[in-house]
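Take a look at the structure set out below.
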Amino acid sequence: MSSSRLLLLLLVSFMLVGHSLAKTRHFKWEVGYIHWSTDGEESVVMGINGAFPGPTIRGRAGDIIVVELTNKLHTEGVVIHWHGIRQFGTPWADGTAAISQCAINAGETFVYRFKVDKAGTYFYHGHYGMQRSAGLYGSLIVDVAQGENEPFHYDGEFNLLLSDWWHKGSHEQEVDLSSNPLRWIGEPQTLLINGRGQYNCSMAAQFSNPRLPQCKLRGGEQYAPQILRVRPNKTYRLRLASTTALASLNLAIGGHKMVVVEADGNYVQPFSVQDIDIYSGESYSILFTTNQDPSKNYWISTSVRGREPKTPQALTLLNYLPNSASKFPTLPPPIAPLWNDYNHSKSFSNKILALMGSPKPPIKNNRRIILLNTQNKIDGYTKWAINNVSLVLPTTPYLGSIRYGINNAFDTRPPPDNFPIDYDVMKQAPNSNATYGNGVYMLKMNTTIDIILQNANALGKGASEIHPWHLHGHDFWVLGYGEGKFSEKHVKKFNLKNPPLRNTVVIYPYGWTALRFVTDNPGVWAFHCHIEPHLHMGMGVILAEGVHLVKNIPREALACGLTGKMLMTNKHN
């Protein structure tokens, strides 16, 4: 037998063995409202199987995940988006109401079935109305395939899902945001770590400012912090994901350096930091070594960044065993950088580079789309808009209407690829009016697309906000960040050597962010600000590619709107 044929047989055998090791993992969930004490104040939250947050899904790269989801909400629909999972071949499982599927009606069941193709730290959350704000979220962890290894070593692992919490319910928040005049939802009452926070008290009361009473916790409360118990002189992996509705966060471990090794399911060149900024929709893995005084315990803190903080830090403990967890640290919790210290944030963002050997971006693009982020007025209502268009989703899911050529389902006029050249992003717009729209950016398959996210002044003078943008169905290369208005001169500064692959990226106030991706995944994909109120107020766009190639869409995914009528007609013919 020739050596080449032997090599081929060995390769095929290896692939078959790898395929046989992949598993199909089944989950049966019921989504419903429950009473829960997230922070010591009982609220109505959206739970899964009677618990909050939802259960953690864990699998290996190559596994098939099957979630049989039953809607027990009684009066509203529901969907779940699997954040960071690219859904190759299963775009209807992306879990975006009115985009990839119909909302699952009360009392109905929908089966999500998809492959987790890449190891990493992910999460899932509601993507209908403001159900993420209501508590519909949980962790999704994908380990490396059987027989493979991570490019770093650790002795143990923890997972922290970060979120924010309001005592005002999500439905009332929706009404406030849709009111004229706008009733802003305000800052969250509490920051949560794995669904647990403490309202109107502090575990570090002696250090709190303003002074808060000491939390009196016995350990069995629903809101009692989850303690991270460690052994001295070990290295631990800490998985972080932010599903916040509004808050940008900063996390630190008292006295311990952290080494960033993963971002959004992609390996990065390891780099050391004292603290880490994490925006809504982002995920990271960091390594830390327990090399501090073993007779002490240490604070883990999360603090608000990018907005003037009116919400206390969230705290939990790094408990060095065999110390008691009731032994509080003698030093105050880590102090976060000033909320508007954007140089600190930008320095962190610029340190994130792809690990050697990671896929590199194409050298040139086939199309460039520049998306201007503005706050506007439409008939007196405050909205967010992209290139002067505020997104309003149609009643028929785009995936069905485009795939089956249904007319009048959405605006077929192409949305603008740019904004007026004389627009001054540093000043208030002379005309703040915008329009509603639901057009689609139709992208050719297997082409390279550049998107420039351009920030600008909001309605108020001297106001420009942070916006973390999340792309469904793809990872993208982050080519660079810049100040002010993007222009052609900035292209030569793009990082084409080792740009990180991400699925979520931030644009800083009065700045721009450049990203590049390849249209290699047939489907219809949302691209939007991951701040829940901003998306509710229209801050997003819709991208479509190769929809004619999509096959085997489940009927129940499209059984609403015009596609529902079409399916019923075909059923009776």
**Message:** Test side-chain hydrogen bond (donor to acceptor under 3.5 Å, both in side chains) on Asn503 and His474; report intermediate values, then the result.
**Reply:** CA-CA 7 Å; Asn503 62 58; His474 295 276; over 6 Å; no
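- Phe114 and Trp82 have their aromatic ring centers within a separation under 6.0 angstrom.
- The residue from His470, His528, His83, His530 that alone fulfils the ring pair (Phe, Tyr, Trp, His ring centres under 6.0 Å) condition with His127 is His528.
- Under 4.0 Å is where a charged nitrogen must lie from a carboxylate oxygen, and between Glu282 and Arg502 at least one such pair does.
- Taking the six-membered ring for Trp, Trp29 and Tyr124 have ring centres closer than 6.0 Å.
- Ion pairing between Glu221 and Arg196 fails under the 4.0 Å rule for side-chain N and carboxylate O.
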**Item:** Criterion side chain to side chain contact (heavy atoms under 4.5 Å, CB included) on Asp164 and Thr190, from CA distance to verdict
**Value:** CA-CA 6 Å; Asp164 43 13; Thr190 318; over 6 Å; no
**Request:** With side chain to side chain contact (heavy atoms under 4.5 Å, CB included) as the test, would you mind laying out the steps for Asn250 and Ile276 before giving the verdict?
**Result:** CA-CA 5 Å; Asn250 180 271; Ile276 180 171; 5.8 Å; no
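- A salt bridge is defined here as a Lys NZ or Arg NE, NH1 or NH2 lying under 4.0 Å from an Asp or Glu carboxylate O, and Arg239 with Asp143 meets this definition.
- Thr121 and Ser285 share a side-chain donor-acceptor pair at under 3.5 Å.
- Salt bridge present: Asp475 and Lys118 bring a charged side-chain N and a carboxylate O closer than 4.0 Å.
- Taking the six-membered ring where the residue is Trp, Phe152 and Tyr154 present tilted rings, their angle falling between 30° and 60°.
- Judged by distance alone, the side chain of Ser280 and the main-chain N or O of Thr243 form no donor-acceptor pair under 3.5 Å.
- A salt bridge is absent between Lys23 and Asp63: the closest approach of a Lys/Arg side-chain nitrogen to an acidic carboxylate oxygen does not fall below 4.0 angstrom.
- Each of Lys115, His26, Arg58, Arg25 was compared with Ile65 under the side-chain contact (heavy atoms from CB on, under 4.5 Å) criterion, and only Arg25 meets it.
- A donor-acceptor pair shorter than 3.5 Å can be found between the side chains of Asn194 and Gln226.
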